[in-house]
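Side chains are part of it too, since the values below use all heavy atoms of this structure and drop only hydrogens, waters and symmetry mates.
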Amino acid sequence: MITQTARPMTVTLLAVFLWALPSWAQPALTFEPAPTVRGLAAGARVAWVGIGRVSVDSGIEVRRYSGVEQDLDGDGVIALPLEDAVPPRSVWIAVVLESGAALAGTPEEFPNQPADLGLALSPGRSPSEVGVALERAQGLLVRPGAAPAGFAWAFAATDGSLGDAGEEGDGAVLLAADSFVPLAEAQDLEVPRSGDVAVAIDALTLSYQIQTLVASE
């Protein structure tokens, strides 16, 4: 009889414990209607990137967004500042600068599409560079750390031209150092390194990859 009642009690206590966890333990990206990060530690900072595809008279317009924001009022909530409405076909990714935790989201009814885009530090390159198997690579590089450390860079490059250190049209981009644009307090990026968090988004399909970079031995 004791055995039969002990198991339900354990489950109940576990449920109460999970419900009582502080909000910062489970951050989430929602739409209210602007992309909003909730459940952060007070004062946390996030680097973020968004890409949307919008129908216009001339065809499809790709809209790009990025920035760094801080929870200045300490309520654990950051609403990403947008001047326009959120494109219905868009993807949004926020990376917590202190921890490197990454959150991704898409508006209602648009599919969330994580994918393997070949995002990685390129072996055999000195200094190391970030490679991604896209013809047009856009995204973020984040170096986590508590303030005053923790920095982020936005990047964009096109296969065989702007920002592609590979300098040839081979269906992939090798991101050159000048592909990375400093955000907020960051300095120019000298070289990507192990432990950096990289985010790449395919502007055509809006699929994406989030990857902690690791140098090959």
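Shortest non-hydrogen contact noted between Thr106 and Pro111 is CG2-O, 3.7 Å. Heavy-atom minimum distance, Ala102 versus Ile210: CB-CG2, 3.6 Å. Here the closest non-hydrogen pair linking Gly118 and Gln209 is N-OE1, 3.3 Å.
Taking the centre of each ring, Trp92 and Tyr65 come in below the 6.0 Å mark.
The shortest side-chain heavy-atom distance between Val77 and Val37 does not fall under the 4.5 Å cut-off. Here the side chains of Ser99 and Pro144 are not in contact, with every heavy-atom distance at 4.5 Å or above. Using a 4.5 Å heavy-atom threshold, the side chains of Ser179 and Val130 count as separate. Within the 4.5 Å cutoff, side-chain heavy atoms of Val54 are placed close to those of Pro87. A 4.5 Å side-chain heavy-atom check between Pro81 and Trp48 finds at least one atom pair inside the cut-off. Side-chain contact between Val142 and Asp196 is absent, with no heavy-atom pair separated by less than 4.5 Å. Under the 4.5 Å side-chain criterion, counting only non-hydrogen atoms from C-beta, Leu121 is not in contact with Val214. For the pair Ile93/Leu29, no side-chain contact is recorded, criterion being any heavy-atom separation below 4.5 Å from C-beta on.
Applying the salt bridge (charged side-chain N to carboxylate O under 4.0 Å, His left out) test to every pair with at least one member in residues 46-73, sequence neighbours left out, gives these pairs: Glu61-Arg63.
Environment of CZ in Arg89: crowded, with over 12 heavy atoms of neighbouring residues, nucleotides or ligands closer than 6.0 Å. Residue Glu32 qualifies as enclosed at atom CD: its count of foreign heavy atoms under 6.0 Å is above 12.
For the atom pair OG (Ser55) and CD1 (Ile60), the distance works out to 3.5 Å, reported to the nearest 0.5 Å. From Asp159, atom CG reaches atom CG of Leu134 across 9.5 Å, with rounding to the nearest 0.5 Å.
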Item to check | Verdict with supporting geometry, Val62 and Ile51, side chain to side chain contact (heavy atoms under 4.5 Å, CB included) | outcome: CA-CA 7 Å; Val62 178; Ile51 295 182; 3.8 Å; yes
Next on the checklist: One pair to check against side chain to side chain contact (heavy atoms under 4.5 Å, CB included): Leu183 and Trp153. What are the steps and the verdict?
Outcome noted: CA-CA 5 Å; Leu183 298 177; Trp153 299 263; 5.7 Å; no
Next on the checklist: side chain to side chain contact (heavy atoms under 4.5 Å, CB included) for Thr36 and Leu80? Distances and angles first, verdict last.
Outcome noted: CA-CA 6 Å; Thr36 301; Leu80 305 185; over 6 Å; no
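Both Val49 and Phe110 are part of a single hydrophobic cluster, where members link through side-chain heavy atoms under 4.5 Å apart. Hydrophobic clustering places Leu103 together with Phe31 (ILVMFWY residues linked when any side-chain heavy atoms are closer than 4.5 Å, directly or through intermediates). A continuous path of ILVMFWY side-chain contacts below 4.5 Å connects Val68 to Leu140, so both sit in one hydrophobic cluster.
In this structure Ser207 satisfies the side chain to side chain contact (heavy atoms under 4.5 Å, CB included) test together with Gln113, Ala115, Leu117, Asp202, Thr205, sequence neighbours excluded.
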